[in-house]
**Q** 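This structure is in structure tokens; I'll ask about it shortly.
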Amino acid sequence: MTARIGVVTFPGSLDDHDTRRAVRAAGAEAVPLWHRDKDLKQVDAVVLPGGFSYGDYLRAGAISRFSPVMGTIIEQAKAGMPVLGICNGFQVLTEAHLLPGAMLRNTALHFVCRDQKLTVESAGTAWTADYTAGQEISIPLKNIDGRYTADERTLDELEAEGRVVFRYATAGPAAEGYGNPNGSLRDIAGVTNEAGNVVGLMPHPEHAVESLIGTGRTDGLAFFTSVLNRLVTA
Amino acid sequence: MTLDTVKHAEQTPDAGQPWKELGLKEDEYQRIRDILGRRPTGAELAMYSVMWSEHCSYKSSKVHLRQFGEKAPRTDALLVGIGENAGVVDVGQGYAVTFKIESHNHPSYIEPYQGAATGVGGIVRDILAMGARPVAVMDPLRFGAADHPDTKRVLPGVVAGVGGYGNCLGLPNIGGEVVFDPCYQGNPLVNALCVGVMKHEDIHLAKASGVGNKVVLYGARTGGDGIGGVSVLASETFEASGPSRRPAVQVGDPFQEKLLIECTLEIFREKLVAGIQDLGGAGLSCATSELASAGSGGMRIELDTVPLRDSSLSPEEILMSESQERMCAIVEPDKVDRFLEICEKWDVIATVIGEVTEGSRLEIHWHGEQIVDVPPRSVAHEGPTYHRPYERPSWQDELQADDAGALPRPVSGEELRAQVLRLVGSPNQASKAWVTDQYDRFVQGNTVLAQPEDSGVIRIDPETGLGVAVATDGNGRYAKLDPYTGAQLALAEAYRNVAATGARPLAVSDCLNFGSPEDPAVMWQFAEATRGLADGCLALGTPVTGGNVSLYNQTGDTAIHPTPVVAVLGVIDDVSRRTPMAFAGQGQLIYLLGETREEFGGSAWSQVVHGHLGGLPPAVDLEREKLLAEILISASRDGMIDAAHDLSDGGLIQAVTESCLRGGLGARLVVPDGLSAFTFLFSESAGRAIVAVPRSEELRFTDMCGARGLPAARIGVVDGDAIDVQGEFSLPLAELRSAHEETIPALLG
Amino acid sequence: MARVVVDVMLKPEILDPQGQAVQRALPRLGFAGITDVRQGKRFELEVDGPVDDAALARIREMAETFLANTVIEDFNVKVES
Amino acid sequence: MARVVVDVMLKPEILDPQGQAVQRALPRLGFAGITDVRQGKRFELEVDGPVDDAALARIREMAETFLANTVIEDFNVKVES
Ligand SMILES: Nc1ncnc2c1ncn2[C@@H]1O[C@H](COP(=O)(O)OP(=O)(O)O)[C@@H](O)[C@H]1O
Ligand SMILES: [Mg+2]
């Protein structure tokens with residue numbers, strides 16, 4: 001029996017479809033979850049996909065965070081269920097205080113869409129076990145509210161506890177996807193909670209699972225295989 | 001104020017009416033009276049004026065647009081032709097694709113962000129109304145001079161608006177254009193294209209039939225948006241502060257539109273719709289009259305049931321409101337409940353506002369009183385037709401005589417090198433990444449190619465790899481020199497761009513951006529361009545499936561360059577065969593396909609180096625374009641080439657630069673015998689492309705070109721980290737890259 | 001040093017999608033009794049020198065030509081005490 | 001019917017690129033003497049019923065949990081006269 005991974009659709013979610021495809025590509029069963037339902041349909045893990053839930057009006061993720069499905073997800077996440085938030089999903093997780101910090105408008109004030117180089121800082125989470133720490137990967141990034149912010153103390157804590165999961169890789173030319181694209185503090189692209197089961201990041205691994213599509217790279221697949229391996233061996 | 005009912009109109013035949021303020025001519029007003037046999041009510045007058053405006057009735061252009069039908073090539077691919085919300089093309093395997101391009105020029109000048117955003121919103125609803133899932137957008141844009149201060153206001157706003165709306169809808173942006181020319185200073189062109197995909201059996205049409213069927217309005221509430229926008233703003237004179245007390249610009253709500261898309265697709269899936277129409281220009285006036293006109297019976301609407309955002313709106317205003325994000329569906333009575341349930345699931349407001357009736361009248365009621373009683377065809381389909389006078393302008397000969405071939409040319413390799421750098425770094429030729437990086441090109445996970453590739457390619461069936469390719473092109477400078485040829489060059493370029501990526505061109509959509517039709521010189525440009533496009537489509541076998549006309553693009557007496565923008569849609573059976581533009585294979589051979597002539601009229605070189613516009617545009621040879629396309633498609637299908645890039649503005653050196661920078665590899669070029677280095681590098685002869693051929697395929701490839709009679713010259717090899725033109729100059733890629741990529745950010749960043 | 005505040009709001013007849021989204025969310029969050037929400041922008045300007053009539057006139061002009069697009073927005077200038 | 005205004009501004013220590021972009025553009029447009037610009041949000045709430053202490057307390061809670069994200073933003077509630 002394979003693992004069941006839920007993918008939530010909020011009004012305005014855009015990458016739910018792709019995320020389900022990526023989950024299937026990794027060999028898991030993708031289960032659609034609807035924002036109005038409290039029921040998680042016995043899934044083993046949940047992905048909050050990218051998009052503009054509620055138009056990103058007010059603040060990205062601010063309205064979705066109060067949806068019925070989030071009530072259950074917050075409970076389950078605290079009980080250890082793996083939860084991944086991608087882009088808008090990451091914003092929802094910070095608004096829900098499952099992850100520290102907040103997301104602000106990019107410093108350049110534009111939406112930015114590019115193939116982004118990242119450094120994997122931690123392979124110790126539910127979603128990154130199939131990477132190795134220090135590995136450089138390249139996956140698409142697309143956001144306008146992607147500037148990760150937290151106060152200095154929180155940032156120091158995150159660093160000390162190894163909870164910075166991804167950083168924007170900056171040691172190369174912009175034309176090749178290097179650089180901090182949105183002004184995130186300490187180049188942080190993704191973080192995890194204390195237990196390592198909840199991960200959020202701005203770039204989009206689900207867009208990097210097929211060699212023909214998008215950037216033509218498959219660097220994102222390991223997110224989904226990581227969690228799958230953990231669930232089936234657990 | 002008393003309600004102007006039909007009865008009241010009958011009793012007060014001589015009441016004065018503001019037909020003039022609403023943009024109607026005296027004879028048009030008289031015709032309305034003749035049709036109705038009485039004076040129109042205020043609501044009827046509102047409907048006629050808005051539906052008979054230039055924007056909705058195409059009254060100046062339709063005598064010319066007819067050629068697209070009359071000269072349409074024979075093809076089995078066309079499932080729905082001109083006249084519907086958008087044309088539909090058969091792409092095989094049971095799939096159909098619909099696409100259309102539209103303009104939102106005037107609103108985008110007044111409020112760049114919202115003007116552009118609602119332009120995207122409008123075209124997406126057209127595609128949705130055909131029964132299709134929208135899968136991609138494109139945005140051909142034109143602005144004033146790159147360094148003009150107002151361009152700094154308009155361009156970033158337009159780009160943010162296109163992105164803000166399209167990104168939020170989850171539609172990948174896969175291509176477009178960014179062109180600068182002082183002629184667009186007070187009239188930027190914001191054209192938007194959308195592509196949608198469906199199965200053949202899912203095609204929906206905008207018609208109301210079946211007596212007793214319900215008319216359901218769903219989506220946003222109706223507010224006072226854009227009232228007078230269509231009839232007053234988009235025609236006649238163009239003033240920011242029109243006579244209307246209501247705003248002429250609308251604010252878009254992409255989130256609402258996203259819900260509308262998902263909700264509508266779910267409604268289609270359950271087959272709950274008998275007819276459907278989006279609400280765009282002219283709002284409910286348009287939707288109700290067009291649905292009724294195309295249907296079999298009449299229609300009765302209770303206008304006071306329309307959900308409002310502003311309770312003070314009069315019935316006339318409700319009929320004319322252009323509030324965005326609304327749709328109108330015809331639904332069988334026993335399906336209404338399920339329809340409303342799906343709307344509720346998506347938080348979309350839906351209201352039954354009327355029904356299809358026996359007879360042949362469109363009747364609209366307001367709190368029980370009849371305020372409209374008209375034959376719907378007379379509103380929607382039988383508007384006025386103008387045969388506007390047109391005449392070749394007196395200055396055309398002089399313009400054409402001012403031959404760009406006589407301009408001073410670079411004489412040394414050093415001069416050539418300097419001019420190449422200037423060219424590839426000029427605003428029109430520079431990288432548009434500053435713009436396109438603000439658009440999501442990955443969403444939906446089916447983007448095979450996107451800008452800066454020659455065409456955008458979207459996979460539509462992951463099982464078989466079936467895909468479609470779309471490119472848009474237009475060159476106002478060429479069209480100014482010769483509108484007939486200019487339109488054909490736009491078509492030829494888009495066609496070539498599609499073929500360059502390996503897809504077979506199938507169909508065309510167009511957006512015709514011109515000045516005032518009341519100017520005979522502009523009307524001549526329009527007549528010539530449409531004739532050129534229709535002839536060209538016939539020759540290439542690609543029918544025009546729909547499009548849009550935008551007139552009155554002028555400031556005072558000065559019109560923009562005639563700017564026909566042409567979109568070509570193609571099909572590729574297996575997207576894994578697509579040809580990218582990047583030179584990525586060290587040592588591969590670069591071939592130039594087609595013939596290079598001394599053609600510099602309207603060229604980028606003449607503009608950048610000499611600030612010159614004169615002479616004749618490059619000659620068009622559509623048979624050659626077809627042959628070139630066949631070669632490019634065969635070569636892609638049989639794996640003979642690894643890269644291809646079409647040659648257009650900027651000529652060969654522009655194309656080579658782009659292919660090199662994209663692949664991160666240089667090229668060593670040799671000027672072929674019989675050509676000067678200058679002509680080789682800068683000529684803009686049409687019907688050409690460059691390809692990268694792996695050495696193992698060279699023989700097969702040249703044999704194929706030889707056998708079919710396509711000139712193919714080996715001009716160099718992919719190699720190193722510079723573009724080296726033997727005996728002339730060498731330019732390191734790093735230097736080219738900064739020239740090409742830093743211009744736009746420096747102007748706008 | 002004085003602070004001048006410029007509030008920019010969409011005109012009442014213009015659709016305000018953001019305000020609407022907030023309003024629709026409120027009942028779900030358990031907040032009743034709010035019949036309308038409009039969302040606009042607030043600019044806080046720190047002004048060097050005295051905020052006299054001339055300065056205010058200049059700020060009003062700035063609001064009119066730059067901070068607001070008066071085709072769709074209204075603005076209001078006030079000196080913060 | 002009364003109006004309550006909630007102003008939400010980024011905390012002073014948080015970078016405000018929008019405000020900065022406005023400030024940078026001002027000299028180009030010919031407006032001198034503005035030393036700092038911060039851009040925030042203004043919410044206008046129409047409240048049904050009396051705006052008494054209880055109502056204001058509820059609105060403050062709404063601002064704290066929903067209208068503002070207090071990790072990055074401060075807010076201010078006032079009754080419009
Ligand atoms: N506004 C835009 N939106 C999306 N793509 C654009 C836009 N402007 C230019 N592009 C893309 O950039 C690339 C280069 O543009 P251009 O030089 O005009 O192409 P071409 O000359 O081949 O038509 C193309 O892929 C085009 O689709
Ligand atoms: Mg091209």
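Here is how names work: the chains are called A, B, and so on, in the same order as the sequence lines, proteins then strands, and each is numbered from 1.
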**Q** For Ala132(B), check side chain to side chain contact (heavy atoms under 4.5 Å, CB included) against everything at least two apart and list the hits.
**A**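 Counting only residues at least two positions away or on another chain, Ala132(B) forms a side chain to side chain contact (heavy atoms under 4.5 Å, CB included) with Thr98(B), Ile127(B), Met198(B).
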**Q** Among all residues two or more places apart in sequence or in another chain, which pass the side chain to side chain contact (heavy atoms under 4.5 Å, CB included) test with Cys660(B)?
**A**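 Residues passing side chain to side chain contact (heavy atoms under 4.5 Å, CB included) with Cys660(B): Phe583(B), Val656(B), Ala667(B), Ile723(B), Leu733(B).
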**Q** For the residue pair Cys168(B) and Gly55(A), what are the closest heavy atoms and their distance?
**A**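 In terms of heavy atoms, the two residues are closest at SG-CA, 4.1 Å.
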**Q** Pick one of side chain, backbone, both or neither for Leu169(B), based on which atoms fall under 4.5 Å of a heavy atom in chain A.
**A**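 For Leu169(B), the contact with chain A is made by the backbone alone.
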**Q** Mind ranking Val112(A), Leu109(A), Val209(A), Ile144(A) by heavy-atom pairs under 4.5 Å with chain B and telling me who comes out on top?
**A**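 Among the listed options, the one with the most contacts to chain B is Val112(A).
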**Q** What's the spacing between Ile63(A) CD1 and Phe255(B) CZ if we round to 0.5 Å?
**A**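 If we round to the nearest 0.5 Å, Ile63(A):CD1 and Phe255(B):CZ are 7.5 Å apart.
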**Q** Can you tell which part of Ala175(A) gets under 4.5 Å to a heavy atom of chain B, answering side chain, backbone, both or neither?
**A**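 It is the side chain, since no backbone atom gets that close.
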**Q** What part of Pro462(B) gets closer than 4.5 Å to chain A, counting heavy atoms only: side chain, backbone, both or neither?
**A**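 Interface part for Pro462(B): side chain.
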**Q** Among Val443(B), Leu171(B), Ile261(B), who wins on heavy-atom pairs under 4.5 Å with chain A?
**A**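 Highest number of pairs under 4.5 Å: Val443(B).
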**Q** Who wins among Ala22(A), Gly216(A), Pro11(A), Gly51(A) for the most heavy-atom pairs under 4.5 Å with chain B?
**A**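 The option with the most such pairs is Pro11(A).
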**Q** Can you pull out all donor-acceptor pairs below 3.5 Å that join chain B and chain A?
**A**
{"residue": "Asp253(B)", "atom": "OD1", "partner": "Tyr57(A)", "partner atom": "OH", "Å": "2.6"}
{"residue": "Glu344(B)", "atom": "O", "partner": "Arg36(A)", "partner atom": "NH2", "Å": "2.8"}
{"residue": "Glu344(B)", "atom": "OE1", "partner": "Arg36(A)", "partner atom": "NH1", "Å": "3.2"}
{"residue": "Lys345(B)", "atom": "O", "partner": "Arg36(A)", "partner atom": "NH2", "Å": "3.3"}
{"residue": "Asp347(B)", "atom": "OD1", "partner": "Arg36(A)", "partner atom": "NH2", "Å": "2.8"}
{"residue": "Asp437(B)", "atom": "O", "partner": "Cys113(A)", "partner atom": "N", "Å": "2.6"}
{"residue": "Asp440(B)", "atom": "OD2", "partner": "Lys142(A)", "partner atom": "NZ", "Å": "2.8"}
{"residue": "Gln444(B)", "atom": "O", "partner": "Arg21(A)", "partner atom": "NH2", "Å": "3.0"}
{"residue": "Gly445(B)", "atom": "N", "partner": "Asp18(A)", "partner atom": "OD2", "Å": "3.0"}
{"residue": "Gly445(B)", "atom": "O", "partner": "Arg21(A)", "partner atom": "NH2", "Å": "3.0"}
{"residue": "Thr447(B)", "atom": "O", "partner": "Gly214(A)", "partner atom": "N", "Å": "2.8"}
{"residue": "Arg459(B)", "atom": "NH1", "partner": "Glu210(A)", "partner atom": "OE2", "Å": "2.8"}
{"residue": "Arg459(B)", "atom": "NH2", "partner": "Glu210(A)", "partner atom": "OE1", "Å": "2.9"}

